[in-house]
Amino acid sequence: MAKQVRVRFAPSPTGDLHVGNIRTALFDWAYARHTNGKFIFRIEDTDTTRVTDEYIAAAIDTLKWLGLDWDEGPEIGGEYGPYLQSQRLDIYADWAQKFIVQKDAYYCYCTAEELEERRDAQKAANVAPGYDGKCRNLSENQLASFKAEDRLGVVRMRMPEGETTFVDQIRGEISFDHKFVPDFVLVRGDGSPLYTLAVAVDDISMKVTHILRGEDLLSSTPRQIRVYQAMGVKEEDYPTFAHLPFVMGQDNAKLSKRNGEVSIAWYRDKGFLPEAICNYLALLGWSPGDDVENITMQQLAELFTVERVNSSPARFDMKKLEAINGDKIRALTLDDFLERSLPFLKSAQVIMGSDDEIALVKSALPIIQERITRLDEVPAMLKFLFTKNFAVEEDSLSKVTDTASKEVLKRSLAELTALGEWTHESIEATLRSSLIEELGLKPRIAFGSLRIAVTGSTISPPLFESMELLGKIVSLKRISSALAL
RNA sequence: GGCCCCGUCGUCUAGCGGCCUAGGACUCUGGCUUCUCAAGCCAGCUACGAGGGUUCGAAUCCCUUCGGGGCUACCA
C-alpha cells in the first residue's frame, strides 16, 4: 500500500500573502486533495525580526477566504504539531546539538565582518564565494578561548566532498557539486534556528512526503538533504521535491510589492472572487490539458497532477484575471451575488443595510450582473437608486441641456405622468411610440438624454429597468429637475 | 563572476517525432446585435529565440549560442 501523501504549505509571513505564495498554496492544496492526502499548513516564523503576529493572522485569514482548507495546522492542530516553528525551538536545538556531537556540524566563531572580508577576497580571486571552513576543526583550546572572549558562535553544517543528486518531479534529475554548496549556518549566534534547519527537521518530523514549493528554493535543496542525512533519515524516506516556476510581474521581474499590487488582501478589497483568483492562478504554470479553462475548485482537485505543471515561469496578467472574475460573477446565483455585494455597498456608504435597501439591491442586481468585472463596481452601478442628493455628472451636463434634449424630456414627462402601470415593459412601449415613432428620433439620442436625466450618467444599467426600480415618483422628479437645469 | 533553472502568438497555454499550412484562452482590431455600458456571436492580427546536427520526417531528440530568471546571508 502506498504511503499517504502529506503536503505542506509553509510560508514565512513577512508581509501579506501574495500571488506567488498563494499559487504555491493552491498547488499544494490541489495535490493533497487530488491524492486524498493531507494538506498541512505550517508557519515558518524563525525570522522573528521580519515575521509578525498580524501577518500570521492575515495569512490564516487569507487561506480560509480562498477556501484552501487544511487538515493540520494553526487553529486546528494535528498529530505532529505545533505548527508554528516559533513553538518548536527546543526540537531544533536538540537536533543541532546532536549534529555537533556527531561531528556533522561545528561551532563557528567567525564574525560577520571577517566573513564579509573573506567573501570579498574570494570574489576578487574569482573563486566561488562561500564559507572557507576556517572553524571546521577548532581545537578544544581554541573553542575555550573564543568562549572566554564572549564571542557568540553559530552552528555550521559540515558539507562533505561530493555531490547531491535528486529527482525533481517537475525538472527531472538535478545535481549540485558540494564545491558550490558551502558549510551553511544552522543556528544563529543567539541560539535561534535558521530556515534550513527548521524546514528540514519539520518536514521529516511531520512526515511530509511531497514538497511543492517555489523555484527560488531549488538551490537550497542540497542543504536540506544534508540535514536529512545528519538526522539519519533513509534515502527512500526523503520527501519528493517539485519546484514550481515563478509567477512574474508584468515587466518580467519577480513579483514584488514594487511590481504592481500583489497582496491577496488587495484583490479581496477590489472585489475579486476567491474562486476566480484560484481559477486564474491554477492556470499559471499548469493546465488541465484540454481547452477547458473555467474550472471549479472541485475540478481542480480532480484534475491536478504534478506531471502537468510547467517548468517555465509565468507572467501575471491582470486582464485575464478580470475576464475570469467576470465569468465567475455572471455564474453567481442571485442570493450569492447579493451576499457578496452587500459589504461593498455598505463600505461605499451607498446603503446602510436596511431590509428595504437590501430588497431593492436584490431586484437591481440582475441587470448589472453581466456588466461588471469586479464586485467593487456594484456601488457605482447602483448608486443612482439610493442617493439622497441626486445630481447629473459634470461631464454629462451639456448633453441634457440642449434644446433637443429638452424636447425629449418634456414629452417623456408628459407621457410617463399619464402612464398607469409602471413596469419596464410599459415604460419602454410608451417611450418608443412617443419618442421614436412619433417624434422620429433615433433611439440612442432620445434614450441618451433620458438616461442622463434619470441616472445622472451616460453609462448606466438598462434605462427602462432602471426607471422601474427607481419608481414613478422619483423618475418623474428627476426628469423635471433635468428640465430645470 | 560562479552554480542552477528556464525559452511556442503581446500574455497564459496545448503540443511529449508525422494528426501542426501549430490548437484554445485573455488582450488587441474589425463586424453583427443594441437604449448607454456590458454580455453574446462572427472574423482577423500575431508564436516554435538563433545556429548546427540526428532522422525519410523536428516545436518535439542532441550540441552550441543568445536571452531571461534564481541562488551565491547569522532571509526564506
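Just so it is clear: chains get the letters A, B, ... in the order the sequence lines come, proteins before strands, and each one is counted from 1. Note that this is a predicted model, so its numbers are computed, not measured.
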Of the nucleotides [options], which has the atom closest to the [X] side chain?
X: A:Ala323; options: B:G69, B:C26, B:C35; answer: B:C26
X: A:Val185; options: B:C4, B:C74, B:U13; answer: B:C74
X: A:Leu218; options: B:C5, B:C74, B:U36; answer: B:C5
X: A:Asp216; options: B:A76, B:U13, B:C5; answer: B:A76
X: A:Ser287; options: B:A76, B:U13, B:C12; answer: B:U13
X: A:Ile174; options: B:A76, B:G24, B:C5; answer: B:C5
X: A:Arg444; options: B:U36, B:C4, B:A14; answer: B:U36
X: A:Arg171; options: B:A76, B:G70, B:C6; answer: B:C6
X: A:Glu293; options: B:C3, B:G24, B:G69; answer: B:G24
X: A:Ala314; options: B:U27, B:U13, B:A25; answer: B:U13

Figure out the [atom1]/[atom2] separation between [X] and [N], and round it to whole Å.
X: A:Phe246; N: B:G70; atom1: CZ; atom2: C1'; result: 5 Å
X: A:Ile367; N: B:U34; atom1: CD1; atom2: P; result: 20 Å
X: A:Leu194; N: B:U72; atom1: CG; atom2: P; result: 12 Å
X: A:Leu303; N: B:A14; atom1: CG; atom2: P; result: 14 Å
X: A:Lys328; N: B:A39; atom1: NZ; atom2: C1'; result: 17 Å
X: A:Glu322; N: B:A25; atom1: CD; atom2: P; result: 19 Å
X: A:Arg118; N: B:A73; atom1: CZ; atom2: C1'; result: 15 Å
X: A:Phe447; N: B:C37; atom1: CZ; atom2: C1'; result: 16 Å

Looking at [N], which nucleotide sits across from it as a Watson-Crick or G-U wobble partner, both distances under 3.5 angstrom, or is there none?
N: B:A59; answer: none
N: B:U33; answer: none
N: B:C3; answer: B:G70
N: B:C16; answer: none

[X] vs [N]: side-chain N/O to OP1/OP2 distance below 4.0 Å:
X: A:Arg119; N: B:A73; value: yes
X: A:Asn310; N: B:U8; value: no
X: A:Thr46; N: B:A76; value: yes
X: A:Arg188; N: B:C75; value: yes

Nearest-angstrom distance, [atom1] atom, [N] to [M]:
N: B:U21; M: B:U27; atom1: C1'; result: 25 Å
N: B:A76; M: B:G24; atom1: C1'; result: 37 Å
N: B:A58; M: B:G49; atom1: P; result: 16 Å
N: B:C26; M: B:U65; atom1: P; result: 41 Å
N: B:A47; M: B:C12; atom1: P; result: 16 Å
N: B:G51; M: B:G67; atom1: C1'; result: 14 Å
N: B:U33; M: B:G68; atom1: P; result: 49 Å
N: B:U64; M: B:C3; atom1: P; result: 13 Å

Inset, instruction - Select from A:Glu173 and A:Ser219 the residue whose nearest nucleotide in RNA chain B is closer to the 5' end of that strand. - result: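 On the 5' side of the pair lies A:Glu173.
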Legend entry - 5′-ward residue of the pair A:Tyr280/A:Ser312 relative to RNA chain B: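 Result: A:Ser312.
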Legend entry - Heavy atoms of other groups near A:Tyr55 OH, more than 12 under 6.0 Å: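 12 or below, so no.
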Return yes if some donor-acceptor pair links the side-chain N/O of [X] with the main-chain N/O of [Y] below 3.5 Å, else return no.
X: A:Gln87; Y: A:Leu84; answer: no
X: A:Asn325; Y: A:Thr373; answer: yes
X: A:Ser311; Y: A:Ile170; answer: no
X: A:Arg42; Y: A:Arg8; answer: no

Which part of the nucleic acid, if any, lies within reach of [X] when heavy atoms closer than 4.0 Å are counted: base, sugar-phosphate only, or nothing?
X: A:Gly285; value: sugar-phosphate
X: A:Phe184; value: nothing
X: A:Pro313; value: sugar-phosphate
X: A:Gly214; value: nothing
X: A:Ser311; value: sugar-phosphate
X: A:Arg213; value: nothing
X: A:Leu217; value: base
X: A:Pro461; value: base
X: A:Glu465; value: base
X: A:Gly189; value: base

Legend entry - Pair A:Phe41 + A:Tyr83: ring centers closer than 6.0 Å: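 No, the ring centres sit 6.0 Å or more apart.
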Legend entry - Sub-6.0 Å ring centroid separation between A:Tyr280 and A:Phe316: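 Yes, they do, as the ring centres are separated by less than 6.0 Å.
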Can you tell me whether the side chain of [X] and the base of [N] have a donor-acceptor pair closer than 3.5 Å?
X: A:Arg451; N: B:C35; result: yes
X: A:Glu370; N: B:G40; result: no
X: A:Arg371; N: B:C37; result: yes

Inset, instruction - If the plane angle is over 60° it's perpendicular, under 30° parallel, otherwise tilted; pick one for A:His243 and A:Phe241. - result: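 Rings of A:His243 and A:Phe241: parallel, as their planes differ by under 30°.
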Legend entry - Euclidean distance, A:Met381 CE relative to A:Thr455 OG1, rounded to 0.5 Å: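 Output value for this atom pair is 10.5 Å.
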Legend entry - Rounded distance [0.5 Å steps], CG in A:Leu197 versus CE in A:Met157: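 The CE atom of A:Met157 is 7.0 Å from CG of A:Leu197, to the nearest 0.5 Å.
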